[in-house]
Amino acid sequence: MRTLQLLAGMAALALGLSVNADPLVDGDPEAGEAKSTACAACHGPDGNSTNPEWPKLAGQHARYTLKQLRAYKDGTRSDAVMAGQVQGLDDQDMKDLAVFYAIQTPQPGSADQELAEEGKRLYRGGNLETGVTACIACHGPSGEGIPTADYPMLSGQHAEYTITELKKYRDGERTTDRAAMMRDIAARMTDEEIRAVAEYIQGLY
Ligand code: HEC
Ligand code: HEC
């Protein structure tokens, strides 16, 4: 993976793009910080939101964040709150914001141990009977994801937000996942499994 990232960085350099915080996104984190004041009310000044309904953005891969902002803007990802937030942003604003959040330090969360144990089994082993793929395959052993493959970081995310998103994939309400990767997985998950894995993810770092 590192080799791939390095190659992507070198390609960006060869093209004369500036490589700042993230070799995959050509943004300016300082400009992003200045543009993030409106976002801070919900996502926190450093991307660590305190309200569990609002996702943490700190440390998230810039390319994933950029993709989501574009999706809110073109309506591919529908959310009444975020739709209003992105209307005034152009593509450069989104790139700047994405690299700003990518270099913020994520604050780890904590988890209920018993529920998290159950979630851990699913995260690491999947559910063979119902065909739930192990999350670890794409999101990594500590939830770090794979930036070049657009597999987002999940570590420390609020369980409440994670539950909301898994249910949106399950109901086909969120369709930003290429090849229905997450919709297919979430459709096989029970409410109990969703709750358990979300709890595990909240304490994962
Ligand atoms: C009023 C509260 C509020 C404000 C202000 C706000 N957001 Fe959000 N944001 C949310 C909520 C709620 C969600 C989850 C929506 C959903 O389920 O799709 C979200 C989701 C996101 C996501 C998706 C995260 C992920 O992991 O997929 C990104 C990226 C994001 N916001 C960036 C921003 C940026 C950048 C701004 C400022 C321009 C901003 N938000 C302003 C509430 C807010
Ligand atoms: C085959 C690869 C793959 C596997 C396996 C996988 N995911 Fe994902 N996951 C993705 C991709 C790709 C996305 C981003 C899709 C998008 O842009 O909406 C994603 C997004 C998510 C999100 C939304 C993150 C956010 O910030 O909004 C959650 C939550 C999630 N996955 C949880 C899980 C859980 C829990 C499992 C295991 C039960 C799992 N994933 C298994 C590829 C995978």
Side-chain angles (χ1 to χ4, degrees), residues 27 32-44 47 49 51-73 76-89 93-102 106 119-127 130-140 143 145-170 173-190 193-202 204:
E33 180 169 19
K35 291 168 186 171
S36 72
T37 42
C39 325
C42 295
H43 294 289
S49 57
N51 182 325
E53 286 171 37
W54 302 327
K56 292 182 186 174
L57 308 176
Q60 184 58 272
H61 315 309
R63 205 167 80 167
Y64 168 81
T65 299
L66 175 60
K67 188 182 154 215
Q68 302 308 317
L69 292 174
R70 285 173 173 161
Y72 284 126
K73 186 152 187 197
T76 329
R77 182 171 173 181
S78 63
D79 178 73
V81 176
M82 279 307 299
Q85 294 299 320
V86 294
Q87 277 328 302
L89 303 179
D93 295 334
M94 296 190 213
K95 288 178 179 170
D96 295 343
L97 285 160
V99 293
F100 164 68
Y101 286 117
K120 182 181 181 177
R121 278 195 295 277
L122 187 77
Y123 188 93
R124 305 186 76 96
N127 185 337
T130 53
V132 177
T133 316
C135 323
I136 196 172
C138 297
H139 294 289
I146 302 177
T148 46
D150 293 327
Y151 300 154
M153 179 184 97
L154 303 177
S155 342
Q157 187 57 273
H158 298 299
E160 192 171 330
Y161 168 76
T162 300
I163 291 170
T164 303
E165 297 311 302
L166 289 173
K167 289 186 172 168
K168 282 186 178 178
Y169 285 126
R170 188 171 70 180
E173 227 180 283
R174 180 169 171 187
T175 57
T176 41
D177 54 328
R178 150 173 63 88
M181 244 181 262
M182 282 308 302
R183 273 169 286 170
D184 182 54
I185 291 169
R188 298 163 189 274
M189 293 173 77
T190 62
E193 284 177 327
I194 288 181
R195 236 162 48 82
V197 85
E199 190 69 22
Y200 174 64
I201 285 167
Q202 181 167 278
L204 190 61

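Whatever order the structure lists ligands and atoms in, that order sets their numbers, starting from 1.
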Open item on the list: Determine whether a donor-acceptor pair (N or O, by modelled atom type, separation under 3.5 Å) exists between the side chain of R63 and the backbone of T148.
Closed with: yes
Open item on the list: Which of the protein's N, O or S atoms come within less than 2.8 Å of atom 8 (Fe) of ligand 1, not counting waters?
Closed with: H43 NE2, M82 SD
Open item on the list: To the nearest 0.5 Å, what is the distance between CG on L166 and CZ on R195?
Closed with: 13.5 Å
Open item on the list: With the threshold set at under 4.0 angstrom, would you say M94 reaches ligand 1 through any of its heavy atoms?
Closed with: no
- [ ] Would you name the heavy atoms of C42 and S49 that are closest together and state the gap between them?
- [x] O-CB, 3.2 Å
Task: Identity and separation of the nearest protein heavy atom to atom 22 (C) of ligand 1 - done: Y72 CE1, 3.7 Å
Task: Side-chain (S155) to main-chain (G143) donor-acceptor, under 3.5 angstrom - done: yes
TODO: Could you tell me whether R77 approaches ligand 1 through its side chain, its backbone, both or neither, with non-hydrogen atoms closer than 4.0 Å?
DONE: side chain
TODO: Please answer whether the main-chain N or O of A83 pairs with a side-chain N or O of Q87 as donor and acceptor at a distance below 3.5 Å.
DONE: yes
TODO: Would you name the heavy atoms of M153 and A58 that are closest together and state the gap between them?
DONE: CE-O, 3.4 Å
Open item on the list: Show me which atoms of ligand 1 lie under 4.0 Å from any heavy atom of K168.
Closed with: 16 (C), 17 (O), 18 (O)
Open item on the list: Donor-acceptor pair, distance only, cut-off 3.5 Å: does the side chain of H139 make one with the backbone of Y151?
Closed with: no
TODO: Over all heavy atoms of both residues, which pair between S36 and F100 is shortest? Give the atoms and the distance, please.
DONE: OG-CE2, 3.6 Å
- [ ] Considering the heavy atoms of T65, write down every atom of ligand 1 situated less than 4.0 Å from one of them.
- [x] 29 (C)
- [ ] Nearest 0.5 Å please: distance from the CD atom of Q60 over to the CG atom of L154.
- [x] 7.5 Å
Open item on the list: Give me the atom names and distance for the closest heavy-atom approach of R70 to K95.
Closed with: NH2-CE, 3.8 Å
- [ ] Tell me, please, which residues at least two apart from Y161 pass ring-ring contact (aromatic ring centres under 6.0 Å, His included).
- [x] none
Open item on the list: Suppose we measure from atom 27 (O) of ligand 2 to each protein heavy atom; which comes out shortest, and what is that distance?
Closed with: Y161 OH, 2.6 Å
Task: Exam field: side chain R183 to backbone D177, donor-acceptor pair closer than 3.5 Å - done: yes
Open item on the list: Rounded to the nearest 0.5 Å, what separates atom OH in Y64 from atom CG in D150?
Closed with: 9.5 Å
Open item on the list: For Y169 versus A186, what's the shortest heavy-atom pair and its separation?
Closed with: CB-CB, 3.9 Å
TODO: Return yes if some donor-acceptor pair links the side-chain N/O of K67 with the main-chain N/O of T176 below 3.5 Å, else return no.
DONE: yes
Task: Short N or O distance, Q68 and ligand 2, threshold 3.5 Å exclusive - done: yes
TODO: Using a 4.0 Å heavy-atom threshold (strictly under), name the region of K35 that reaches ligand 1: side chain, backbone, both or neither.
DONE: neither
Open item on the list: Could you identify the single nearest non-hydrogen protein atom to atom 17 (O) of ligand 2 and state the distance to 0.1 Å?
Closed with: K67 NZ, 2.8 Å
Open item on the list: Is the contact between Q157 and ligand 1 made by the side chain, the backbone, both, or neither, using heavy atoms and a 4.0 Å cut-off?
Closed with: neither
Open item on the list: Below 4.0 Å from ligand 2: does a non-hydrogen atom of Y123 turn up there or not?
Closed with: no
- [ ] Ignoring angles and geometry beyond distance, decide whether T176 reaches within less than 3.5 Å of ligand 2 through its nitrogen or oxygen atoms.
- [x] yes
Task: Near atom 8 (Fe) of ligand 2 (under 2.8 Å) - protein N, O or S atoms - done: H139 NE2, M182 SD
Task: Identity and separation of the nearest protein heavy atom to atom 29 (C) of ligand 2 - done: T162 CG2, 3.7 Å
Open item on the list: Under 4.0 Å, heavy-atom basis, I'd like to know which part of R174 is in contact with ligand 2: side chain, backbone, both or neither.
Closed with: side chain
- [ ] Applying salt bridge (Lys or Arg N to Asp or Glu O under 4.0 Å), name anything that partners K35, two or more places apart in sequence or on another chain.
- [x] D93, D96
Task: Those atoms of ligand 2 less than 4.0 Å from some heavy atom in T133 - done: 5 (C), 37 (C), 38 (C)
- [ ] Can you see which heavy atom on E160 is nearest to which on P52, and at what distance?
- [x] OE1-CG, 3.4 Å
- [ ] Give yes if a backbone or side-chain nitrogen or oxygen of Q60 is under 3.5 Å from a nitrogen or oxygen of ligand 2, and no if not.
- [x] no
Task: Any N or O of T164 closer than 3.5 Å to N or O of ligand 1 - done: no
- [ ] Say whether, by atom type as modelled, one donor and one acceptor occur between the side chain of H61 and the main chain of A102 under 3.5 angstrom.
- [x] no
TODO: Return yes if some donor-acceptor pair links the side-chain N/O of Q157 with the main-chain N/O of T162 below 3.5 Å, else return no.
DONE: no
Open item on the list: List ligand 1 atoms under 4.0 Å from A38, heavy atoms only on the residue side.
Closed with: 5 (C)
Open item on the list: For L89, is there any backbone N or O sitting under 3.5 Å from a side-chain donor or acceptor partner on K73?
Closed with: yes
TODO: Give the contacting part of L69 toward ligand 1: side chain, backbone, both or neither, where contact means a heavy-atom distance below 4.0 Å.
DONE: side chain
- [ ] Using a strict 4.0 Å cut-off to heavy atoms of L166, name the atoms of ligand 2 that fall inside it.
- [x] 32 (C)
TODO: For ligand 1, find out whether one of its N or O atoms is nearer than 3.5 Å to an N or O atom of Y64.
DONE: yes
Open item on the list: Tell me whether ligand 2 is touched by A134 - counting only heavy atoms on the residue side and a distance under 4.0 Å.
Closed with: yes
